[in-house]
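Written out below as structure tokens is the structure these notes cover.
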Amino acid sequence: MTDNDVLRAGLAELAEDVTIVDLRERVRAGVRRQTALRNAAIGGTAAVATAAAVVVGTLPRSVGAPAPNTGTPSVGTSAPSVATSTPSLGTSAPNRGGIRAVDFRNATFEIPPWPTDDPLWRDFTSFCGSGPRQFVGGESAQTSPEPNYSPPAPPGGGAPYRIPSRNQPIYAELDGQPGEDALVPISCVTTGAFGALLGLTIGPADGLNTLGWVFPPYSGNGGYDEFDVAVEDRDVVVQLRRSDEGMTSNPRFEQVRRYRFVDGAFRQVGGPTEFPGPIGSISDVDFRNYSVGFYGPGVHEGACNGDAIVLTNGVAEDTPNIFGSGGGPRPGDRMRYELRQVSLGKVESFGDQSAILTFTCTRLTDNAVFEAVFATALWDGQLALLTPIVATDLDGIRGVVNTRVENGSVVVTVRTAAGEQVWRYGSDAMGQFTRR
Amino acid sequence: MVDEFDSFVRDRTPALLRAAYLLTGDQHLAEDLVQSALVRTHRSWRRLYRTDNAEAYTRRTMYHLQVSWWRRRPHSSVDLDAIGGRAAAVADHAPATALRLSLRAALLKLAPRQRAVIVLRFFEDLTEAETAEVLDVTVGTVKSQTAKALARLRTLAPELGETPLEGRIS
């Protein structure tokens with residue numbers, strides 16, 4: 001009997017400890033109460049608007065599988081010039097702009113050693129070996145059996161590497177030397193898939209020389225979960241995102257870092273070097289210079305939504321890849337996000353350390369303005385995903401004047417067709433806000 | 001249609017409660033979780049019933065709710081230290097009970113998604129792909145979360161791997 005069989009049997013035994021009860025009357029009562037609350041909150045209209053809110057959002061990009069972006073980094077700096085992103089499929093051939101497209105998915109090149117400075121990730125990446133690897137159809141061969149979750153891995157590793165066709169290489173000048181260079185998103189396929197970004201030079205006759213990892217596949221303090229890449233004047237600008245540690249895997253925090261090939265290796269030349277550690281008190285969070293992921297149950301049903309953003313002095317611009325059903329950003333729309341107000345306090349059934357965030361979202365393509373109030377709370381040193389409280393167009397309101405936390409509830413002054421009104425919202429046991 | 005929903009609640013409650021108990025470690029929280037998932041199922045019952053998707057939707061909703069719920073409720077709702085303490089206290093007299101408590105306490109110390117992955121993979125016997133679909137994550141995430149969860153379980157409850165099950169859990 002294996003450990004996993006023991007676990008299976010143990011879980012089955014443990015599950016029998018529960019007492020089976022008839023929940024029909026409780027469910028009926030819940031349905032009645034739900035209907036009454038919805039009717040009270042939104043005047044009996046659009047009752048299906050949040051029906052699927054608990055099944056959260058859109059699918060994230062796969063964890064560890066990088067998705068290079070031809071868009072621009074969203075924060076802080078003026079929009080950089082972005083290197084050409086060229087499909088990798090097909091054989092080596094002259095390509096637009098005089099850059100040759102190399103079929104990295106069917107090529108041989110050197111994989112550098114993976115960093116070993118983080119014990120947690122070392123355990124999981126020890127099977128990712130180094131040395132020359134031949135890729136056929138986007139994947140290199142596995143050279144030894146996977147150690148089945150029991151590090152250490154065999155010397156030299158043996159995991160296959162993968163270059164997914166959807167993750168296109170970025171051609172750009174990286175090393176300052178004559179010749180063409182490229183960034184290739186690549187994954188080590190072991191227990192999980194560990195994404196990294198490899199820099200290469202394209203030599204004569206398409207010989208590939210490895211420059212190195214642009215940044216460590218996983219850095220300390222938990223690492224990142226996905227990234228977008230652009231190149232600006234030889235600087236590799238990387239948007240690193242950390243995902244929610246709950247079930248959704250949706251991005252909830254983003255950073256922008258810059259790397260440059262100097263003295264034979266990629267070195268960080270800008271941006272933070274690690275993710276922030278656990279938050280001690282919500283009052284310590286400088287929300288106006290923090291990152292927010294517009295993810296959470298129901299967030300994308302409002303119009304003020306988007307992707308993960310990094311706020312600088314309370315403002316961010318982004319071209320989201322995520323589009324909700326609430327009429328906000330559409331494909332290709334540039335959005336401006338302004339954090340107008342932060343109210344802190346204890347919200348009953350939601351969190352002793354809660355933050356109420358009021359955003360104004362402007363769709364820059366047509367200057368359409370949407371406003372929304374979200375709640376988050378501090379749990380185990382992390383901020384919970386956003387939960388919507390009110391939003392323009394969602395609950396028949398025209399705008400948000402201000403918010404405050406009072407006696408365990410959230411008090412929102414809204415603009416409606418009938419003028420300004422003060423509405424009080426409370427959280428139910430499931431963390432959903434309803435008007436009281 | 002109402003009768004069908006009522007029958008669905010009656011028929012599916014036992015299985016949902018067992019999984020919910022593993023997810024929450026508490027009878028009352030398990031009941032609340034199942035009730036909430038079923039109430040949400042009712043919102044879309046007409047469509048779900050017509051497309052025969054009610055069970056999958058309810059289960060998916062329950063697992064999603066468990067995480068968002070857990071993140072917003074004080075962990076003291078289930079007193080982990082008390083469970084661990086009880087496990088130690090009864091260890092000499094009732095090893096089977098002690099081990100069950102130990103497993104329960106260890107499960108509750110996992111991150112919500114890890115716990116969900118463990119329950120889906122090893123209690124509900126779902127494949128990695130099926131688990132990924134329920135949780136809206138990639139298969140890679142399921143793999144890595146499973147690995148991390150198993151490693152942590154072995155740390156938290158090393159006795160699970162020491163002797164054959166039959167001798168430990170009655």
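Owing to the predicted nature of the structure, the values given are computational and were not obtained by experimental measurement.
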(request) Select one option (side chain, backbone, both, neither) describing which atoms of B/Leu17 are under 4.5 Å from chain A's heavy atoms. (result)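 Both the backbone and the side chain of B/Leu17 come within 4.5 Å of chain A.
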
(message) Need one label for B/Leu153: side chain, backbone, both or neither, based on atoms under 4.5 Å from any heavy atom in chain A.
(response)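 Contact with chain A involves the side chain of B/Leu153 alone.
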
(message) Heavy-atom pairs under 4.5 Å with chain A - which of B/Val9, B/Leu107, B/Val117, B/Leu22 has more of them than the others?
(response)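 Most pairs with chain A among the choices: B/Leu22.
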
(request) Please confirm whether the backbone N or O of A/Ala159 pairs with a side-chain atom of A/Gln142, one donor and one acceptor, at under 3.5 Å? (result)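 No; zero donor-acceptor contacts below 3.5 Å.
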
(request) Keeping the roles fixed (side chain from B/His64, backbone from B/Arg59), state whether a donor-acceptor pair exists under 3.5 Å. (result)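 No.
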
(request) Tell me, please, which residues at least two apart from B/Asp125 pass salt bridge (Lys or Arg N to Asp or Glu O under 4.0 Å). (result)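 Partners of B/Asp125 by the salt bridge (Lys or Arg N to Asp or Glu O under 4.0 Å) criterion, ordered by chain and then number, come out as A/Arg8.
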
(request) List in chain and number order the residues that pass salt bridge (Lys or Arg N to Asp or Glu O under 4.0 Å) with B/Glu133, two or more places apart in sequence or in another chain; answer none if no residue qualifies. (result)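 Once residues adjacent in sequence are excluded, B/Glu133 has no partner under the salt bridge (Lys or Arg N to Asp or Glu O under 4.0 Å) criterion.
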
